[in-house]
Protein chains: 2
Amino acid sequence: MDVHDGFVSDTSARLLQLLSMLQTPRDWPGSELAERLGVSPRTIRRDIDRLRELGYPVQGTMGPVGGYRLAAGKAMPPLLLDDDEAVAIAVGLRTAASHPVEGIEEASVRALAKLEQVLPSRLRHRVGALGAATVSMLTGSEPNLDPQDLVVLAGAAANRERLRFSYRAGDGTPTRRLAEPYRLVAAGRRWYLLAYDNDRDDWRIFRADRISEPRATGVRVPPRVPPEQDAAAFITSKLYSLAPTYEVVATLGLPAEQVRQRLGAAAGEVEVIDQHSCRLRGSADTLEWLASRLLMLGCEFDVHEPPELVEYLRALGGRATRAAGDV
Amino acid sequence: MDVHDGFVSDTSARLLQLLSMLQTPRDWPGSELAERLGVSPRTIRRDIDRLRELGYPVQGTMGPVGGYRLAAGKAMPPLLLDDDEAVAIAVGLRTAASHPVEGIEEASVRALAKLEQVLPSRLRHRVGALGAATVSMLTGSEPNLDPQDLVVLAGAAANRERLRFSYRAGDGTPTRRLAEPYRLVAAGRRWYLLAYDNDRDDWRIFRADRISEPRATGVRVPPRVPPEQDAAAFITSKLYSLAPTYEVVATLGLPAEQVRQRLGAAAGEVEVIDQHSCRLRGSADTLEWLASRLLMLGCEFDVHEPPELVEYLRALGGRATRAAGDV
DNA sequence: CTATGTAGGCCAGTTTTCGTCCTATATGGA
DNA sequence: TCCATATAGGACGAAAACTGGCCTACATAG
């Protein structure tokens, strides 16, 4: 709990502290709130009213064991976090940004940008240290994508700031770029930046994990007209040339229902074969990801497509068997 | 952006909206803020002053391209999230709670509890749907732990509320329990609840993933004296009888430096053998976790200890090889 | 039934807040 | 170099809000 109690007896400051206390999962008697905030109980009751008028439903239970606490309303109240909680959220969002969850990719980065913008520097160190240990976990041999860079890209896109960064192409040669970012989008577990390349004088799509050292120049540019009215159309039209996706077909030795439950509905289509097996059709963008999910099911399975996955599984199986070879 | 502009011309409400806008990663000219909030520019400047006095450093840049934005200060300002961002944070925290990051386990659950307490119900559905797809990913065959239950446990512990839940013992038989939770702690990727069992009249440690349907009774009980002055001591003394941990010894065909970088420093001790290989000693609590991390390295390796891991790798290797067998 | 908690009306005195002036200063671009 | 535009902030009067101290009503646990 914040212990910078006492003065700054501003009404607004008191309301914020009140919100902070009420977000704790416990009941606060009005008398205790009054004492801690240094005002009369009557004022506390008025403050509670104020919060309610602002749309934050403070739930008050009567009787000797009663008290106030903040309940769920129709709008999100401002979250008042202590240091540890802020770090925990930042770490969680960084991993979420590295392994985006379908449907909330952009929101994750927006939230991370919002948080990192105001995160005290002493906490930033902790986030970096903790994040480093977890980020490279599922990426396997993928080049690791720094969430911090993502935040810079998203910020520049939102702020219409010109951006300078170095980009290494598919063959590994790095180039220095100057561009006006338009949007940062996620497609199939990868991040792409749609931007107007000032050197090439044309629109380009950059893979975020090939961008390094992005720096916002601070120069704001007027919003440029995207190549097509709908940016999403342009992206999807060009994306498949950039994103190698694998179409999977496999037979699994597990009831269809269990597979759906374990893989989640987003995994693809699951057809029932018989009581003990099913067929899975889906798509993914990295072999490591695919192989990991299939093996984690713990059941027997046959992979029919794609051949790359078969090859990868053969190699992985060999490594595992050899690792278990000489005890 | 929130578009419930206009009235509710309360000073506090305006300050909150101002904070909300300033957290966006862009610059806001004072004139635009004044227009949106329906007050004069002078009032905006005064509000900015107020925020600064509250400890939130608003950074203002002069000149024709200037504007205000919230910078990182020494304390966390209240986070004002829109719906999508709140959902993204909740999803991130749920996965973080299921796979706790060392050092911030409790903070993750505290933050999640704080957020879920005030999360509007319409967003709660989305969180549930999105979370279900990701939670069961790394757990493998582990019984999945509902983050929602964790929140209830943490809340009850913080609020000193008596708790009713059903607990299934190691042999699978479920029992109904009534207990006074003391603390929720994480140890090695698992959650444990230290509580006073009212039926048994003694202190017990419950594994959180074996608890189902926890319900806070709403009855607050006076804080009970923990069995030893330091709860952590009691827990660690009893924990190892509950938590099966595996001590790993393996030889990896990868330079020690790369292993440290890829696995993170927390993975264990890495000894240099020669330029191309190293020896890893560490501990983990699930075989799936161990095997996955080792295989994701993509290098050849030999597992010396424990025998269970060898056996698991042999089985997994067999499955992978068979899956790749008939193309 | 009683103690304890929330809920809220009323009133007077005080404080804060707001808008409209004003000037000073820093910055980017023509 | 000069100008337009931005932040930064002082002074003042009118208006609005806030606060504390009363009061009563009502719900709940023991």
A.B. asks: When you measure from the side chain of A:K114 to the backbone N and O of B:L80, does any donor-acceptor pair fall under 3.5 Å?
C.D. replies: yes
A.B. asks: Tell me: CD of A:E32 to P of C:dT4, nearest whole Å?
C.D. replies: 16 Å
A.B. asks: Hey, is the main chain of A:D197 close enough, under 3.5 Å, to the side chain of A:R177 for a donor-acceptor pair?
C.D. replies: no
A.B. asks: For the pair B:E161 and B:R215, find out whether any cationic side-chain nitrogen is under 4.0 Å from an anionic carboxylate oxygen.
C.D. replies: no
A.B. asks: Hey, could you give me the CG/CE distance between B:L79 and A:M76, rounded to the nearest 0.5 Å?
C.D. replies: 9.0 Å
A.B. asks: At less than 4.0 Å, is any side-chain N or O atom of A:S40 found next to OP1 or OP2 of D:dT19? Yes or no.
C.D. replies: no
A.B. asks: Tell me: CD1 of A:I48 to P of D:dC18, nearest whole Å?
C.D. replies: 15 Å
A.B. asks: Expressed in angstrom and rounded to an integer, what is the separation of A:R52 atom CZ from C:dT6 atom P?
C.D. replies: 10 Å
A.B. asks: Can you tell me how far P of C:dT17 sits from CG of B:D49, to the nearest Å?
C.D. replies: 12 Å
A.B. asks: In this structure, how many angstroms lie between the C1' atom of C:dT4 and the OH atom of A:Y68, rounded?
C.D. replies: 12 Å
A.B. asks: Counting the atoms with a prime plus P, OP1 and OP2 as sugar-phosphate, which does A:T61 contact under 4.0 Å by heavy atoms, base, sugar-phosphate, or nothing?
C.D. replies: sugar-phosphate
A.B. asks: From the list C:dT17, D:dT7, C:dT6, which nucleotide is the closest neighbour of the side chain of B:T11?
C.D. replies: C:dT17
A.B. asks: I'd like to know if B:D47 pairs up with B:R14 as an ion pair, taking the criterion as any Lys NZ or Arg NE/NH1/NH2 lying under 4.0 Å from an Asp or Glu carboxylate oxygen.
C.D. replies: yes
A.B. asks: Mind checking the CG-CG spacing from A:L22 to A:L33? Nearest 0.5 Å is all I need.
C.D. replies: 6.0 Å
A.B. asks: Taking CH2 from B:W28 and C1' from D:dT7, how many angstroms apart are they, rounded to a whole number?
C.D. replies: 18 Å
A.B. asks: Between A:R46 and A:S31, which is nearer to the 5' end of DNA chain C once each is assigned its nearest nucleotide?
C.D. replies: A:S31
A.B. asks: For the pair made of CG in B:D10 and P in C:dT16, what is the distance, rounded to whole Å?
C.D. replies: 16 Å
A.B. asks: If only side-chain N and O atoms count, and only distance matters, is there a donor-acceptor pair under 3.5 Å linking A:S166 with A:R168?
C.D. replies: no
A.B. asks: Looking at B:R50, I'd like to know whether one of its side-chain N or O atoms comes within less than 4.0 Å of OP1 or OP2 on C:dT16.
C.D. replies: no
A.B. asks: What does nucleotides 22-30 of chain C look like as a protein-contact string, B for base, S for sugar-phosphate only, - for none, at under 4.0 angstrom between heavy atoms?
C.D. replies: ----SBS--
A.B. asks: For A:G30 and A:S12, find the nucleotide of DNA chain C closest to each by heavy atoms; which residue's nucleotide sits nearer the 5' end?
C.D. replies: A:G30
A.B. asks: Whole angstrom is fine here: how far is it from CD1 in B:I44 over to P in D:dT7?
C.D. replies: 10 Å
